[in-house]
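Right, one structure below, let's go through it.
Just so it is clear: chains get the letters A, B, ... in the order the sequence lines come, proteins before strands, and each one is counted from 1.
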Amino acid sequence: DAKTTQPTSMDCAEGRAANLPCNHSTISGNEYVYWYRQIHSQGPQYIIHGLKNNETNEMASLIITEDRKSSTLILPHATLRDTAVYYCIVRGGPYGGATNKLIFGTGTLLAVQP
Amino acid sequence: DAGVTQSPTHLIKTRGQQVTLRCSPKSGHDTVSWYQQALGQGPQFIFQYYEEEERQRGNFPDRFSGHQFPNYSSELNVNALLLGDSALYLCASSAYLTGTSSYNEQFFGPGTRLTVL
């Protein structure tokens, strides 16, 4: 699985958009980009994933560059409850079979300020 | 619908002891993965169970072993505890994929905090 690079920490004002970057320059053609977050003292929570097209769900948007070497997770209107460690993970798509393991880095601590 | 549950919540052991942690997967899930998360680090994959067999394993010594029961619940056993085994142990469940799919989401439990003294 490709390695990812994320900033250690970021701040965001409440109500503003939070843009979390991730570099994955060694990503291969069949690898997906996944985002999870971990609120303090809880287990990680799935946010979104994508292959090459931009994706949006009720939680966030994922923007993947055309060369797929980097991506940005966007929380459109950050709230205090979005304060968490955000993990960007690259892994192959599980086309049948058991779940592939998730390889977590140290993530980005997003602090949403009131 | 209950999500992933883990027990106990907290545990304190001494070096050399053995510990068993338990996990019940989310309803409808049949695959269980275990992760270890040291303080300030991201979770590290230990192993994964499906159909009562270990399917994948991370870089952990044989002191770490597991089991999956017919009802899909799972146990993580750690023998000869070391101080470095102190961590949050996370269980994640998912559904075994059939056919093609971009992703089968893993749902994590709240974890068991193990302290080894």
Original post:
Are A:Met10 and A:Val112 co-members of a hydrophobic cluster defined by side-chain heavy atoms under 4.5 Å apart?
Top reply: yes
Subject >> Neighbour count above 12 (heavy atom, 6.0 Å) for B:Arg15 CZ >> reply: no
Original post:
When hydrophobic residues are tied together by side-chain contacts of less than 4.5 Å, even through go-betweens, does A:Ile63 share a cluster with A:Val33?
Top reply: no
Original post:
Counting only heavy atoms not in B:Leu39, do more than 12 sit closer than 6.0 Å to its CG atom?
Top reply: no
Original post:
What's the spacing between B:Gln37 CD and A:Gln38 CD if we round to 0.5 Å?
Top reply: 4.0 Å
Original post:
Given a strict heavy-atom distance threshold of 4.5 Å, which part of B:Gln44 is in contact with chain A: side chain, backbone, both, or neither?
Top reply: side chain
Subject >> Co-membership, hydrophobic cluster, residues B:Phe47 and B:Val19, 4.5 Å side-chain >> reply: yes
Original post:
Taking atom OH of A:Tyr36 and atom CD of B:Glu105, what is their separation to the nearest 0.5 Å?
Top reply: 6.0 Å
Subject >> From A:Tyr46 atom OH to B:Phe108 atom CZ, the distance as rounded to the nearest 0.5 Å >> reply: 13.0 Å
Subject >> Winner by heavy-atom pair count (cut-off under 4.5 Å) against chain A, out of B:Gly42, B:Ala92, B:Gly40 >> reply: B:Gly42
Original post:
Does atom CZ of B:Arg63 have more than 12 heavy-atom neighbours from other groups under 6.0 Å away?
Top reply: yes
Original post:
Are B:Phe107 and A:Leu102 in one and the same hydrophobic cluster, where Ile, Leu, Val, Met, Phe, Trp and Tyr link if side-chain heavy atoms are under 4.5 Å apart?
Top reply: no
Original post:
Heavy-atom distance under 4.5 Å between the side chains of A:Tyr87 and B:Pro43, does that happen here?
Top reply: yes
Original post:
Can you tell me if CG on A:Asp67 sees more than 12 non-hydrogen neighbours from other groups inside 6.0 Å?
Top reply: yes
Subject >> B:Tyr50 reachable from B:Val4 in the ILVMFWY side-chain graph, under 4.5 Å edges >> reply: no
Original post:
How about residues 66-91 of chain B versus chain A: which residues have heavy atoms under 4.5 Å apart?
Top reply: B:Leu88, B:Leu90
**OP:** To the nearest 0.5 Å, tell me how far A:Thr106 OG1 sits from B:Gln41 CD.
**Re:** 7.0 Å
